[in-house]
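Shown below is the structure under consideration.
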Amino acid sequence: MSELPNRPIKAYGDREGDGMVQLSFVLRIPPSVRAREAAKRFAESHGLDEPLVTTMEEAAEGFSYFVVYGHSKHTVNPGEIEVPEVKTSVMGRDVIEKRIKLLDRKLVVVGACTGSDAHTVGIDAILNYKGISGDKGLESYKGFEAYNLGAQVENDFLIERARAIGADAILVSQVITQRNCHKENGEALIEMLKAQGLREKFICLFGGPRVDHALGLELGFDAGFGPGTKPSDVASYLVDRLCPAYDDEAPH
Amino acid sequence: MSELPNRPIKAYGDREGDGMVQLSFVLRIPPSVRAREAAKRFAESHGLDEPLVTTMEEAAEGFSYFVVYGHSKHTVNPGEIEVPEVKTSVMGRDVIEKRIKLLDRKLVVVGACTGSDAHTVGIDAILNYKGISGDKGLESYKGFEAYNLGAQVENDFLIERARAIGADAILVSQVITQRNCHKENGEALIEMLKAQGLREKFICLFGGPRVDHALGLELGFDAGFGPGTKPSDVASYLVDRLCPAYDDEAPH
Amino acid sequence: MATVPLDQAKVDRCRELAASVASDVQSFIDKHTTVGVERTILRALGVDGVDGEGVSVVNRVIDRLHGAKVLGRGACTFIASELRAGAESVQDAAERIAFGDDVDLNPGISKDETEAILAPHVNAALLRIDTARDERSAFRASFPPSPEPHRYVIVATGNIHDDALQAKAAAKAGADVVAVIRATAQSLLDFVPHGATTEGYGGTFATQENFKIIRAATNNASTLYGHYVQQTNYSSGLCMAEIAWMAAVERLDMLLNDAMYGILFRDINMCRTFVDQYVSRRFIARAGIVINTGEDNYLTTADAVEKAHTVLASQFVNEAFAKRAGLKDEQLGLGHAYEIDPGIENSFLLELAQAQLIRQVFPVHPIKWMPPTKFKTGDIFQAHVHDAMFSLVGIATKQSIQLLGMFSEAVHNPMLADRYLSLKATRYVHNTANALGDEIEFKADGIVANRARQVLDEALAMLEEVARDGLWDAIGRGAFGDIKRTRTGGKGYAGVVERSNDYVNPILAALEAWS
Amino acid sequence: MATVPLDQAKVDRCRELAASVASDVQSFIDKHTTVGVERTILRALGVDGVDGEGVSVVNRVIDRLHGAKVLGRGACTFIASELRAGAESVQDAAERIAFGDDVDLNPGISKDETEAILAPHVNAALLRIDTARDERSAFRASFPPSPEPHRYVIVATGNIHDDALQAKAAAKAGADVVAVIRATAQSLLDFVPHGATTEGYGGTFATQENFKIIRAATNNASTLYGHYVQQTNYSSGLCMAEIAWMAAVERLDMLLNDAMYGILFRDINMCRTFVDQYVSRRFIARAGIVINTGEDNYLTTADAVEKAHTVLASQFVNEAFAKRAGLKDEQLGLGHAYEIDPGIENSFLLELAQAQLIRQVFPVHPIKWMPPTKFKTGDIFQAHVHDAMFSLVGIATKQSIQLLGMFSEAVHNPMLADRYLSLKATRYVHNTANALGDEIEFKADGIVANRARQVLDEALAMLEEVARDGLWDAIGRGAFGDIKRTRTGGKGYAGVVERSNDYVNPILAALEAWS
Ligand code: B12
Ligand code: B12
Ligand SMILES: Cc1ncc(COP(=O)(O)O)c(C=O)c1O
Ligand SMILES: Cc1ncc(COP(=O)(O)O)c(C=O)c1O
């Protein structure tokens, strides 16, 4: 990651440094010459130079929709950005199986989509045999014993099941994010585990389309997984955390 | 125009005050966890709260394209906006003809697309019989004598023709705006007229897709006309400036 | 018009099989009632209001009766008994049952007596529904009919007043139908919230007052913009039947209502859902409301190429159930969707095949055409193009109702601008390709024709299996949407009650007697 | 494949009429040369470089000869005479004519002598073109052929190095063809700028060095991304022929080159343009370059519904001219466009009709399909959908080369992201509807078929008129693009020269002798 430029960069339209960005928004004023000017100033207040209002249309009575292009003054320095990343390098299926074998038992995982969230497609992709984009789910590994509790699962029920089956890891999926309900649901699970003195018993993984590793950590999970996660990413992470390394494998 | 709210307003997503805006841009860094974070910070620097990077794609080697939604902190007060507007209220064809009749001669106009600009569709729409969207061009009025010099016309040639035909008004169209060449071309005409002591002899109108009244004034024209201008707008303006009012017409 | 080859004998056979599937379940339905059904009957009789804790009186009544294990006689029995005992009104009777100390939970009252006592109330209940229906129809008839596909958009701010504003905005931008999406978890609530609501995750609560607010807004918009704006909501979840009744009296035009959606996508118990859907549909039939079924959802959990036939098979089943509840074909907005992976070569042709097949199999049904959702990403520009191709299939195959795709599908519930742009783009596509369906023919042995044949064949094969095993077992196997459910699992099973011999429900009886 | 009815007799008659139109003009062409043509010949002979003021040597030479009113003998006469007088090389000869004090402007040298002296140089000139052509072909052949329509995008930063970066970016995103748009006013310059350029309004100057830079970038991209990336530029304006030669030796694949575009859209004199286009095309023919004609432009100034037939008529004329310059059908990328007002009902069907008609009339020609531009607005979202419908017609009617629409068309020259998104959307549309054209048929008497018939009929009627009046007068009447031009008006007329009896041009002669 060290190849990222360690200097402030601007947005790129078609020339280095032109700063071109595109902005669209609605203001609660009907279209008019003054509304166009208001949109221009509104764009300027975002740091856009020479904003060009390319469209002003009446999106509703008393509302105008605008598209603006402008040269953003702002910069960002990619070199200065520190952001937590899941460190594991993805392993092949054989490596995963081999390392679990060293453990002499199966890895037990339990997953669910919690709260009132009914979006199971994501957790199904990780756990079920079918997997996603050709990457088969944990169920497909000899070394994993995977339980998928489905949708709308309450946190207490999930913990109970995790204990009952002796899970190594709890996998939580949260897709609905309105008013940050995904964060609340996730945090609540961790609190509940802590209150019961169980937090250390499980590796806890958090996932969903609006999730990243930083968010997972923030909520008290061991890791967070976002869009595009493959079952093999998760398998590799778990093996890395739970299984001994074998000799002919490069250390990481 | 007094109905515009005289208080700072935010952008409107689907609730008053949510400030939602959409931003898209390219940064010269390849997609990565850090690039996503860079995009988030870049969006934040524009005053976007809780920016959500909805897309990060490799638009070219070493370039990422981003779409972001976020809650803009910024406001604009439409009530405070003063912007010059062409004051004429648009007249019907009969009123226009009637008022020119009071003058006892035709109004003579000459128009061109100047400099190296070859976009005649706009000036043709204003001058030629055909007009635009059912609104016929100045040529179609009995009261107007319209000369359309076409594209790529040099300023000196335009002035010479205007003098030769005894024009009341000079109409300039500028469509190409790269590096503000439209402003340069427009200003140069006005300077040339001034230098020859002819500025006051003609009403000078400036028009084009990136033109507004303010810009027209800024460059020294009498008025500026932008996208969506109809021939009848221009006819009304000229009549208002050049012809006596008749009695049964409301004053303005 | 461009048609796909259709073996009518196979279609007939599918209908026959679906009929047998539905009849099997119907025999269960006819022997049961649910807490939701009984609450609905109370509402229909005029019971209203909430108690000091904000709990609906209908819930209090039914909970008490259910707690006392006497609900098998039907709530009407108890209302009639209280009226006989001197209650001033149905409302008073209900409140006595709900809160009274000395209510008789084992009244000696015959079915006939109950019916006699309730007769005027039943008539009033039916009149209320009929009046609402006629009012709506008359108002609607005062506008020119909107061309099909009707453009359907959703609003979902969580705040009903904002929703009303958004609904009018959408109407101005050309929407023919406005749906207020429900708050995320409402379908699992075993009660209907009360009053106007301004807070909801992922949508706005369906309440009777909210229905009124939106009806006022859409009627106002109809008048302002000169085209009729239909209102729709969800008759789905644990309060399927209650909401159907609310929609009936509040003059809604359409309802999301499916015989199996709750089972599959909300993990609601099957027995509960089958009974509830039947009663909800009896009200819907009388109210002249168009239903939208939810087969489109299957393609979000199952693959749209491999499992296309499950959509068709399920539509036959939904149709069969709906017929048993008295719905006319003209009320059956069977749902299907444009959910094939857009990266697949010729996916557009496969979508055309499916859309046209369903159009032909259900020729007079107001088919509901749903947009791509699953393969939408946060690249809103690309998503907008994806939706355009969907709209093109919509107009080319003459779908009846088209839920508009939103370019922000993978991002958030649609905002004002998203809806505006979607309506604008859809209007363009529908208009620019208006006669496309009449202009072209499909090659006799091409990709489109063969795909249509294949889907029908597979649906038929599937229905043979479902008919053989019964619907209960088919769902248990994951036949629909790749989702498996068990007969006694899922939410709301406790609210299912076997009808006793003296079960009485004169409202349902009246609805059943109506043609 | 979906076809429109085509009356081949009418098509044949159109070709016949166009041939007579072109022959009439050709008789003028064959008697004239221009400053641009003669400069081209000098370049072909190897004359290069600029003087201290940055003026090209070829311009100095020709200006001098033209000033002396001796250009009617052809530049070759003077080069040969200087070589005979002891010039060391063609370059030296040219510099002597340009700057020398004692140059003989009325040399006593016969045509035969000139030809004999120049023979080795002419051979070298031809070899250079042939080598470049073969090199390009061999490199191209090392990649699998790209499926049609080839996806064509423009880059236009003004800075050739940025353009190179954008070209590679586009190639990675799937572009098959990259055009570097020229700076706004270059076509009116009566000289070709020299060297690499980094400043240009609305585009980048076409220079030989710039061609090299882009060729290196596209060849590099071809290797990196595994598909061949074609390069194109503009052989148009006052230096039409010079640029054609530069493109030939710098291995460009395509050129915008039209027999009438400059006349209509740049107000370049007709006589000048007709002569220049002929000579430019003789080079293009030899170089195996594909031309793109500019009929699409007509629909930006004239109405695309009313004047659709003018596009077709002009294509026949362009074809006829091209044939007279030795071009093969496989080199004729006749241009047309999706420019009908998108608000018109069934405009998509009219576009389908036009696209399919032209596909059938010119079956082996690499037809160039141009996107909507005129009705694009600053609403980039809507514009993106408009482009998608255009791409759909492109794939359905199997156009050969598709210039991709840009959602920012009404805003600015395309930026990196615009191009990326356009390529992404186009790839999707082409792939999802890949076999559409083979899947459907058009109704025999429908909107599409009737429109195609109408356009052909109108084109035929128009060609009858043009043939009757001659092309000069037809253009004078505004037959094409609603634009009127006069025979002696417009830019560059002063650069047209009647050939004298002893005019000699062995390079042109060699090109003409080549089959
Ligand atoms: C399919 C779908 C549904 C289906 C769900 C079916 C099912 N059984 O899952 C149905 C139709 C039932 C549905 C209903 C609703 N939905 Co929905 N739905 C979607 C849709 C179209 C696709 C989601 C999906 O399946 N993605 C594909 C999977 C594979 O991606 P993923 O979930 O991100 O998972 C990947 C990663 O995130 C990660 N991952 C995910 N979880 C986990 C967990 C762990 C431990 C790990 C390691 C990794 C991981 O790995 C996965 C594979 O790569 C999205 C829109 C969209 N295109 O995104 C809306 C969407 C998610 N739905 C939405 C809404 C609002 C609803 C409703 C509330 C609407 C309503 N009011 O009725 C209802 C109610 C549902 C509820 N209570 O949850 C909104 C959410 C808005 C928000 N951000 O809060 C969206 C964004 C649509 C929208 N624009 O409004 N929906
Ligand atoms: C048509 C067109 C052409 C045609 C022009 C034909 C002709 N004879 O006019 C052709 C194909 C020749 C052409 C060529 C080029 N074009 Co051009 N073209 C367009 C296009 C598609 C439409 C413009 C148009 O006709 N609009 C319709 C008219 C009616 O609108 P209008 O001009 O705004 O006029 C209205 C008002 O503005 C006003 N108005 C205008 N003038 C006046 C004057 C007065 C006095 C008044 C009162 C009112 C008034 O009233 C009119 C009616 O309402 C635009 C893209 C677009 N969609 O906007 C690009 C566009 C303008 N072209 C562009 C470019 C770069 C070029 C080229 C330079 C490309 C190149 N390098 O080769 C060339 C060179 C032309 C040149 N030297 O000028 C760019 C300009 C970028 C910029 N902002 O600088 C655009 C935006 C396309 C793009 N995205 O790159 N083009
Ligand atoms: C038939 C049906 N009911 C209900 C819903 C969603 O409603 P809820 O999630 O509130 O049950 C859907 C999906 O949109 C549906 O298709
Ligand atoms: C044939 C042809 N030549 C040239 C051009 C434009 O080039 P210029 O404006 O530089 O002459 C076009 C239009 O795009 C064209 O179609």
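Naming convention: chains lettered A, B, ... in sequence-line order (proteins, then strands); numbering from 1 in each chain.
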- Trace of the side chain to side chain contact (heavy atoms under 4.5 Å, CB included) decision for D387(C) with K376(C): CA-CA 9 Å; D387(C) 285 335; K376(C) 290 272 181 66; 2.7 Å; yes
- Portion of D445(C) that has a non-hydrogen atom of chain D nearer than 4.5 angstrom: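 Nothing of D445(C), per the 4.5 Å heavy-atom cut-off to chain D.
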- Query: Checking L436(C) against chain D: side chain, backbone, both or neither under 4.5 Å from a heavy atom?
  - Reply: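 Both parts, backbone and side chain.
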- Task: Answer with side chain, backbone, both or neither: which region of L352(D) has an atom nearer than 4.5 Å to a non-hydrogen atom of chain C?
- Result: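 For L352(D), side-chain heavy atoms alone lie under 4.5 Å from chain C.
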- How far apart are the C-alpha atoms of W369(C) and Y152(C), what are their side-chain angles, what is the distance that settles it, and do they pass the ring pair (Phe, Tyr, Trp, His ring centres under 6.0 Å) test? CA-CA 10 Å; W369(C) 181 226; Y152(C) 175 128; over 10 Å; no
- Message: If we ignore hydrogens and angles and just use 3.5 Å, is the side chain of D162(D) paired with the main-chain N or O of T157(D) as donor and acceptor?
- Response: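 Between the backbone of T157(D) and the side chain of D162(D) there is no qualifying donor-acceptor contact (under 3.5 Å).
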- Under 4.5 Å heavy-atom distance to chain C, tell me which part of L349(D) shows up: side chain, backbone, both or neither.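 Looking at L349(D), backbone and side chain both touch chain C.
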- Query: Going by distance alone, is a donor N or O of one side chain under 3.5 Å from an acceptor N or O of the other, for R359(D) and S400(D)?
  - Reply: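 Result is yes, a qualifying pair exists.
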- May I ask you to name which of F381(C), F407(C), F442(C) has the most heavy-atom pairs under 4.5 Å with chain D?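 Ranked by heavy-atom pairs under 4.5 Å with chain D, first place is F381(C).
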- Query: Is it the side chain or the backbone of D379(D) that comes within 4.5 Å of chain C heavy atoms, both, or neither?
  - Reply: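 Interface part for D379(D): side chain.
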- Show your reasoning for whether side chain to side chain contact (heavy atoms under 4.5 Å, CB included) applies to K398(D) and E148(D). CA-CA 7 Å; K398(D) 308 195 175 178; E148(D) 296 191 342; over 6 Å; no
- Message: Between H386(D) and chain C, with a heavy-atom cut-off of 4.5 Å, which part of the residue counts as in contact: side chain, backbone, both or neither?
- Response: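 Contact with chain C involves both backbone and side-chain atoms of H386(D).
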- Option in G446(C), S391(C), A449(C) with maximal non-hydrogen atom pairs under 4.5 Å from chain D: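 Ranked by heavy-atom pairs under 4.5 Å with chain D, first place is G446(C).
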- Could you give me the CA-CA distance, side-chain angles and deciding distance for E339(D) and D296(D), then say whether side chain to side chain contact (heavy atoms under 4.5 Å, CB included) is met? CA-CA 8 Å; E339(D) 288 281 17; D296(D) 50 285; over 6 Å; no
- Query: Is there a side-chain contact between K368(C) and Q402(C) (heavy atoms, below 4.5 Å)?
  - Reply: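 Side chain of K368(C) against side chain of Q402(C), heavy atoms only: no contact under 4.5 Å found.
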- Of the listed residues (V429(D), N431(D), I440(D), V448(D)), which shares the most heavy-atom pairs with chain C below a 4.5 Å separation?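 So the answer, after comparing V429(D), N431(D), I440(D), V448(D), is N431(D).
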- Message: I'd like to know which of A388(D), A2(D), G343(D), S347(D) tops the heavy-atom pair count under 4.5 Å against chain C.
- Response: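 Going by pairs under 4.5 Å, I would pick S347(D).
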- Item | Check: H309(C)/Q454(C) side-chain N/O donor and acceptor closer than 3.5 Å |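 The criterion, which ignores hydrogens and geometry beyond distance, is not satisfied for Q454(C) and H309(C).
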- Does any heavy atom of chain C fall under 4.5 Å from the side chain of L392(D), the backbone, both, or neither of them?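 For L392(D), the contact with chain C is made by the side chain alone.
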